[in-house]
Amino acid sequence: MDDTTLKQYIRQEIESWETGDVHFSWKDGELTSDGLIFLKRVIDLQLRFAQGKNIINTLLISGITLDDGWCEFIKKNDFLICISVDGDSQQSDTFSKMMSERPVANMIETNVSLLHKHDITFNTLTVLNNINSQQPLRVYHYLKSLGSRHMLFIPLLKPLKQGGVDAQSLAPAALGIFLKTIFYTWIRLDIGTIKIPIFEHAFAAWCGLSVPTCVYASCDDSNPPSTAKLAKECTSCKMEFACRGGCAKDRIALSQSSVPQLNYFCESYQAFFTYVEPYMLMMRALWEQNYAPSDIRKYLA
């Protein structure tokens with residue numbers, strides 16, 4: 001992106017946001033060859049065009065190795081950092097390799113060590129594929145060992161032009177199994193200390209609070225609502241209030257009317273939200289009596 005285009009992009013983005021907070025998301029793979037110089041220019045332009053608005057920058061790190069200079073810049077400018085952990089399934093044949101001698105694993109752990117050194121908090125993004133989804137607790141505990149206290153899990157789905165999906169894609173039922181498995185451990189050990197957006201989304205839905213239309217967005221994210229029409233099966237489903245049809249980009253399965261409106265992971269969402277319902281009702285009861293929902297741990301064996 002040349003400087004003229006960057007100026008235009010930042011100015012238009014700031015002007016288009018009607019709220020006081022303006023969100024910018026950057027990916028290290030989309031930056032120029034010298035990403036740090038590029039982001040310093042971004043900050044200069046944001047300050048010039050801010051118009052009194054609060055600028056929030058998020059940086060997804062998946063392919064660069066940080067150093068002290070990077071970390072000092074990140075901390076000084078209050079960047080929100082998200083580390084991609086096994087975010088690209090093509091980088092490895094197995095999740096086990098990711099956690100051994102593989103250079104990507106070394107890079108992740110080097111970056112995390114530097115972030116800890118500079119007292120910078122970070123989130124993690126994990127793309128679930130047909131391999132790492134088979135080891136939910138291994139994935140979860142590895143993220144905990146890195147110090148992640150905000151874990152975002154996104155299912156991999158790659159539709160093929162000729163029909164069907166890529167072999168690396170997550171199976172329709174696999175997402176539900178993964179989520180149920182880590183939820184069982186999370187609610188007994190880590191609720192209140194580790195944030196997982198889809199779990200927070202579920203609690204907010206059962207409490208009748210406002211939730212994003214995408215189940216993977218945090219409840220405090222500022223995302224525009226989806227305008228995609230839900231299939232008839234969705235509107236009649238008892239879990240629609242929590243699922244909301246799932247992520248709109250994954251609605252590729254044929255509905256009863258032979259239209260690709262159903263979410264590919266529909267059975268997973270039904271299984272997961274049905275599984276967590278008793279827990280959500282208990283947490284809602286605690287919340288309504290002015291107790292912390294995390295107090296549910298006291299009542300679980």
Side-chain angles (χ1 to χ4, degrees), residues 1-10 12-14 21-47 55-92 95 97-99 101-129 132 139 142-143 145-158 168 195 197 214 216-218 221-223 249:
M1 186 183 300
D2 60 55
D3 198 63
T4 301
T5 304
L6 182 61
K7 285 180 185 177
Q8 184 178 18
Y9 167 70
I10 290 176
Q12 291 179 347
E13 191 71 11
I14 292 173
D21 291 337
V22 182
H23 295 257
F24 285 87
S25 295
W26 310 96
K27 298 179 181 179
D28 60 9
E30 298 174 349
L31 304 182
T32 60
S33 56
D34 194 327
L36 190 53
I37 292 176
F38 174 84
L39 289 177
K40 286 179 179 178
R41 179 58 174 160
V42 164
I43 295 298
D44 289 341
L45 293 172
Q46 289 174 339
L47 291 174
I55 308 297
I56 300 172
N57 286 295
T58 300
L59 175 61
L60 174 63
I61 297 175
S62 60
I64 61 171
T65 300
L66 300 176
D67 56 24
D68 288 323
W70 264 101
C71 290
E72 290 167 3
F73 170 81
I74 287 168
K75 191 170 183 66
K76 177 183 177 181
N77 294 285
D78 295 320
F79 269 66
L80 302 178
I81 300 301
C82 184
I83 302 288
S84 177
V85 182
D86 201 32
D88 183 357
S89 62
Q90 293 181 345
Q91 292 179 346
S92 65
F95 183 70
K97 287 183 180 179
M98 190 207 75
M99 296 191 294
E101 297 81 26
R102 200 162 58 84
V104 172
N106 295 334
M107 180 190 69
I108 290 170
E109 290 164 13
T110 298
N111 286 343
V112 165
S113 294
L114 273 168
L115 292 172
H116 285 309
K117 173 185 173 182
H118 289 267
D119 195 26
I120 299 171
T121 58
F122 61 91
N123 304 339
T124 52
L125 167 66
T126 301
V127 176
L128 302 175
N129 54 58
N132 61 15
V139 172
Y142 179 66
L143 296 176
S145 74
L146 291 176
S148 176
R149 295 297 176 263
H150 187 293
M151 305 175 186
L152 179 60
F153 299 102
I154 301 291
L156 179 66
L157 179 60
K158 292 184 177 181
Q168 296 175 332
K195 296 179 65 174
C214 180
Y216 301 110
S218 296
D221 280 354
S222 300
N223 292 313
K249 69 178 179 61

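As the structure is a prediction and not an experimental result, all values here were calculated from the model. Starting from 1, each residue takes its place in the sequence as its number.
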Side-chain heavy atoms of Ile56 within contact of Phe24, under 4.5 Å: no
With sequence neighbours excluded, residues passing salt bridge (charged side-chain N to carboxylate O under 4.0 Å, His left out) with Arg149: none
Donor-acceptor pair between Thr126 and Asn132 side chains, under 3.5 angstrom: no
N-O pairing of Asp44 and Lys40 below 4.0 Å: no
Ser84 side chain to Ser62 side chain, donor-acceptor N/O pair below 3.5 angstrom: no
Note, Ile81 side chain near Asn123 side chain (heavy atom, < 4.5 Å): no
Side-chain touch Leu39/Leu59, heavy atoms, less than 4.5 angstrom: yes
Chi angles and distances behind the side chain to side chain contact (heavy atoms under 4.5 Å, CB included) call for Ser148, Met151: CA-CA 7 Å; Ser148 176; Met151 305 175 186; 3.5 Å; yes
Which residues share a salt bridge (charged side-chain N to carboxylate O under 4.0 Å, His left out) with Lys75, sequence neighbours left out: none
Stepwise side chain to side chain contact (heavy atoms under 4.5 Å, CB included) check, Leu60 with Trp26: CA-CA 6 Å; Leu60 174 63; Trp26 310 96; over 6 Å; no
Lys76: salt bridge (charged side-chain N to carboxylate O under 4.0 Å, His left out) partners, not counting sequence neighbours: none
Heavy-atom check, side chain of Gln46 versus side chain of Arg41, under 4.5 Å: no
Min side-chain heavy-atom separation Leu6-Leu45 under 4.5 Å: yes
Any donor-acceptor N or O pair under 3.5 Å, side chains His118, Asp68: yes
Close side-chain approach of Leu146 and Ile108, heavy atoms under 4.5 Å: yes
Check: Phe122 ring centroid to His150 ring centroid under 6.0 Å: no
Side chains of Ile14 and Ile55 in contact at under 4.5 Å (non-hydrogen atoms): yes
Test item: Asn77 and Asn57 side chains (from C-beta on) under 4.5 Å apart, heavy atoms: no
Test log, rule side chain to side chain contact (heavy atoms under 4.5 Å, CB included), inputs Thr58 and Phe79: CA-CA 6 Å; Thr58 300; Phe79 269 66; over 6 Å; no
